Amino acid sequence: MSENNKTEQTMEYIDFAPPSDVIENDHVIRLAMDMPGVSNDNLSVDLDDGILKVTADTSLDRNGKRVRYKRSFQVTDQIDANKITAKVCSGVLEVVMPKAEAAKVRKIQVAVE
Amino acid sequence: MLARINDNWGLFNPWRTVNDLQREFWNLFEDLGDSVNRYRPGYPRLTIDEDDKTVKVSVALPGYNKDQIDVEVLGDFLTVSAERLEPDLEEEERYLHRERSFGKFQESIKLPAQVQSAKSNAKYINGILEITLPKADSEKPRSIKVINS
């Protein structure tokens, strides 16, 4: 156990910004990120003060350093923060951010007088 | 051009002893900073490890379907080909930002040793293809006893 702690302390990290797509429709904004080597267990997605922060550890090594993914996005305040969901599938993270009611496009009928 | 080189950095490993050179090459890029770095993919695509008995190759292939990944060994050459299709957008969806690439991926590398292709296996976990290739018997270290004559 003590040996385990030791390796963690000396572990050096190398950070990558994973390539990302952002897709929008009238109701949601979807974020897709390529993060090979990431499972649900070693991933964190936080929304704090309008900044969506994605951090993930992997078991990948490069040049003796542990690969870590980090990326932040500024999101509009028109997102319903309580309804954000995230999942990882085959190394691709998908974050679904539903828009708040107030932000949805509303069609207004033009009345003819 | 840079984007292509970086995306296929396994290409720089066709010889057995070039690993250190490659390491230096990448450190050079890291020293130069973001002005050069921004075109590389956001993750290491291909890594090769070996010990006395096996060669392990891992290829980062996020979002692929395991049925669309082909692994071939011919002599000491390993070829990985895969394809991921661009996702169809639903009606009224539009891209605000695009960075991910789609389409065909193919990479051939020279393995650092002769391998037993029949005993090799490949697994696809969390978007990483892990190929384990046992070394051929002729590649395994053999100690030779010194005898008195």
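Here is the naming used below: chain letters follow the sequence lines, and residue numbers restart at 1 for every chain. Source: prediction; values computed, not measured.
Side-chain heavy atoms closer than 4.5 Å link hydrophobic residues (I, L, V, M, F, W, Y) into clusters, and following such links, even through other members, never connects Val96(A) to Ile51(A). Residues Leu43(A) and Ile84(A) fall within the same hydrophobic cluster, defined by Ile, Leu, Val, Met, Phe, Trp and Tyr side chains chained together at heavy-atom separations under 4.5 Å. Linking Ile, Leu, Val, Met, Phe, Trp and Tyr residues whenever their side-chain heavy atoms come within less than 4.5 Å places Leu93(A) and Leu96(B) in a single cluster. Under a hydrophobic clustering in which Ile, Leu, Val, Met, Phe, Trp and Tyr are joined whenever their side-chain heavy atoms come within less than 4.5 Å, directly or via other members, Ile79(A) and Val28(A) fall into different clusters. Residues Met97(A) and Val92(A) do not share a hydrophobic cluster, clusters being chains of Ile/Leu/Val/Met/Phe/Trp/Tyr side chains in contact below 4.5 Å.
A heavy-atom distance below 4.5 Å is not found between the side chains of Asn126(B) and Val38(A). Side chains of Arg94(B) and Val22(A) form no contact here, defined as non-hydrogen atoms less than 4.5 Å apart. Using a 4.5 Å cut-off on side-chain heavy atoms (C-beta onward), His27(A) and Glu92(B) make no contact. Side chains of Leu89(B) and Ile23(A) form a contact here, defined as non-hydrogen atoms less than 4.5 Å apart.
Residue Gln68(B) qualifies as enclosed at atom CD: its count of foreign heavy atoms under 6.0 Å is above 12.
In terms of modelled atom types and a separation under 3.5 Å, the side chain of Asp34(A) and the main chain of Pro62(B) share no donor-acceptor contact.
A salt bridge links Glu99(B) to Arg71(A): at least one charged side-chain nitrogen sits closer than 4.0 Å to a carboxylate oxygen.
Interface residue Tyr64(B): only backbone heavy atoms are found under 4.5 Å from chain A.
Separation of atoms OG (Ser90(A)) and CD1 (Ile128(B)) is listed at 11.5 Å; rounding is to 0.5 Å. Remark: Ser20(A) OG to His97(B) NE2 distance equals 6.5 Å, nearest 0.5 Å. Expressed to the nearest 0.5 Å, how far CD1 of Ile125(B) lies from OG of Ser59(A) amounts to 8.5 Å. Here the straight-line distance linking atom CG of Asp49(B) with atom CG of Asp61(A) works out to 8.0 Å at 0.5 Å rounding.
Looking only at heavy-atom pairs under 4.5 Å with chain B, the residue among Thr58(A), Asn25(A), Ile29(A) that has the most is Asn25(A).
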